[in-house]
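Notes follow once the structure below has been shown.
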Amino acid sequence: MNRKRPILLAGNWKMNHGPKATRDFLSQIQLEKKNHAKARIYAPYLSLSAATSLVSEKQLPLQIGAQNLHYERSGAFTGEISGPMLSEAGIQQVLIGHSERRQFFGETNESILLKTKSALEQGFEVLLCIGELLSERESGRTESVLREQLARILENPDCKAQFGARLHLAYEPVWAIGTGVVATPDQAQSTHAFIRSLLLQALGEAKTRDTLILYGGSVTPANFKDLLACSEIDGGLVGGASLKPDSFRALWDLV
Ligand code: PGA
């Protein structure tokens with residue numbers, strides 16, 4: 001396929017792989033550079049420095065990102081991590097708005113907007129996650145939920161300016177995350193096309209064309225090829241199948 005955009009394979013390790021397991025993973029994995037694609041892993045905070053040192057030692061073509069950040073730069077926020085701390089650790093990429101953050105940590109479209117704005121202002125590249133619940137899909141509300149999740153972001157001039165440059169999206173239907181139920185390529189393709197139509201209305205053609213929309217939710221080496229064959233799918237955000245060097249490598253081989 002003649003692709004309009006580069007591919008991004010992004011692993012989301014969630015609350016897995018402390019520094020030791022991170023070092024083991026990165027010692028084992030071999031990845032060759034590809035001109036049309038990037039590989040990235042969103043690692044737990046505590047594993048970030050182990051990850052960045054091994055990546056540079058082994059010269060791996062792999063970016064290391066964080067799974068979250070606080071929108072303030074410092075202050076009385078016990079247990080939180082800020083952008084300046086991540087920058088100091090050499091991190092330039094951050095995941096924002098994952099459905100588990102929304103579901104278990106009370107993140108809302110409002111707090112996600114604050115985080116996205118703050119991360120962009122501080123120079124990070126943001127992968128913003130959106131996606132509907134099973135009940136929302138079954139009651140025909142997928143499009144309105146996605147529209148709502150993007151509304152404030154697409155109204156905000158600072159965010160708008162960064163689409164296609166340092167702001168990209170991951171569509172993750174919540175019913176497909178960690179369930180083994182993957183969206184069919186047709187379901188994913190048509191939902192991605194809907195998301196891109198929202199971008200087009202708000203951003204115009206150039207930024208819309210340059211914005212990556214990754215698919216996430218039970219991606220494995222067995223289904224990734226068919227998903228990647230869809231013109232609107234620009235890569236994968238992969239949880240479970242990114243945890244073992246062999247399967248991450250198998251996904252990279254399909255890119
Ligand atoms: P999964 O997770 O690949 O294990 O379904 C994806 C994600 O939550 O990013």
Side-chain angles (χ1 to χ4, degrees), residues 7-17 21-22 25 29 37-45 47-48 51 62-69 91 93-107 112 115-116 119 125-137 142 145-146 149-150 167-185 187-189 191-192 195 212-228 230 232-255:
I7 293 175
L8 175 59
L9 169 64
N12 173 14
W13 279 358
K14 309 191 180 188
M15 199 172 67
N16 298 291
H17 289 356
T22 296
F25 179 102
I29 200 158
K38 280 186 195 152
R40 181 179 303 162
I41 282 173
Y42 293 101
Y45 289 137
S47 303
L48 292 173
L62 180 66
Q63 299 174 322
I64 300 298
Q67 300 169 9
N68 182 30
L69 87 175
I91 299 303
Q93 276 88 25
V94 65
L95 191 65
I96 294 183
H98 190 278
S99 64
E100 287 150 16
R101 302 286 324 162
R102 296 174 190 256
Q103 199 180 344
F104 303 126
F105 301 97
E107 292 198 10
I112 289 163
K115 289 183 180 207
T116 305
E125 183 180 335
V126 173
L127 186 63
L128 173 68
C129 304
I130 55 173
E132 82 287 359
L133 304 171
L134 182 59
S135 56
E136 293 165 339
R137 177 162 282 262
T142 299
V145 169
L146 298 172
Q149 287 175 337
L150 283 174
L167 177 55
H168 298 276
L169 299 176
Y171 166 60
E172 298 205 300
V174 180
W175 46 272
I177 295 179
T179 57
V181 182
V182 62
T184 64
Q187 279 173 326
Q189 168 79 0
T191 312
H192 283 221
I195 295 167
L212 303 181
I213 308 179
L214 272 54
Y215 167 81
S218 296
V219 171
T220 66
N223 57 35
F224 196 38
K225 189 161 180 253
D226 289 343
L227 291 161
L228 276 183
C230 300
E232 289 297 338
I233 299 181
D234 303 314
L237 179 58
V238 187
S242 73
L243 290 172
K244 296 219 170 81
D246 287 356
S247 63
F248 192 78
R249 167 70 211 217
L251 292 165
W252 186 238
D253 286 341
L254 294 169
V255 157

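Ligands are counted one by one from 1 in listed order, and the atoms in each one are counted from 1 as well.
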### Task
Flag the pair Arg40 and Glu125 as a salt bridge only when some basic side-chain nitrogen lies within less than 4.0 angstrom of an acidic carboxylate oxygen.
yes

Looking only at protein heavy atoms, what sits closest to atom 3 (O) of ligand 1 is Gly239 N, 2.8 Å

Has Gly178 got any heavy atom lying under 4.0 angstrom from an atom of ligand 1?
-> yes

ask   = Regarding His98 and Glu172, is there a side-chain donor-to-acceptor distance under 3.5 Å anywhere?
value = yes

Exercise for review: Please determine, by modelled atom types, if Trp175 and Glu132 share a side-chain donor-acceptor pair under 3.5 angstrom.
Suggested key: yes

What I want to know is whether His98 and ligand 1 share at least one N or O pair that is separated by under 3.5 angstrom. yes

- [ ] Would you indicate whether the side-chain heavy atoms of Val255 and Leu8 approach each other to under 4.5 Å?
- [x] no

For Glu172, the atoms of ligand 1 under 4.0 Å from one of its heavy atoms are 6 (C), 7 (C), 8 (O), 9 (O)

*asked:* Is Ala241 close enough to touch ligand 1? Criterion: a residue heavy atom under 4.0 Å from a ligand atom.
replied: no

Residue, atom and distance of the protein heavy atom nearest atom 2 (O) of ligand 1 read Lys14 NZ, 3.2 Å

Going by the 4.0 angstrom heavy-atom rule, the piece of Ala176 near ligand 1 is backbone

Hits for side-chain hydrogen bond (donor to acceptor under 3.5 Å, both in side chains) against Thr142, two or more places apart or cross-chain, chain-then-number order -> none

Check your understanding: Where does the angle between the aromatic ring planes of Phe25 and His17 fall among parallel (under 30°), tilted (30 to 60°) and perpendicular (over 60°)?
Key -> tilted

Heavy-atom nearest pair, Ala119 first then Val94, reads CB-CG1, 4.0 Å

At under 4.0 Å between heavy atoms, what of Ile177 touches ligand 1? The answer is both

heavy-atom search around atom 4 (O) of ligand 1 in the protein gives Gly240 N, 2.9 Å

Within 4.0 Å of some non-hydrogen atom of Gly217, the atoms of ligand 1 are 5 (O)

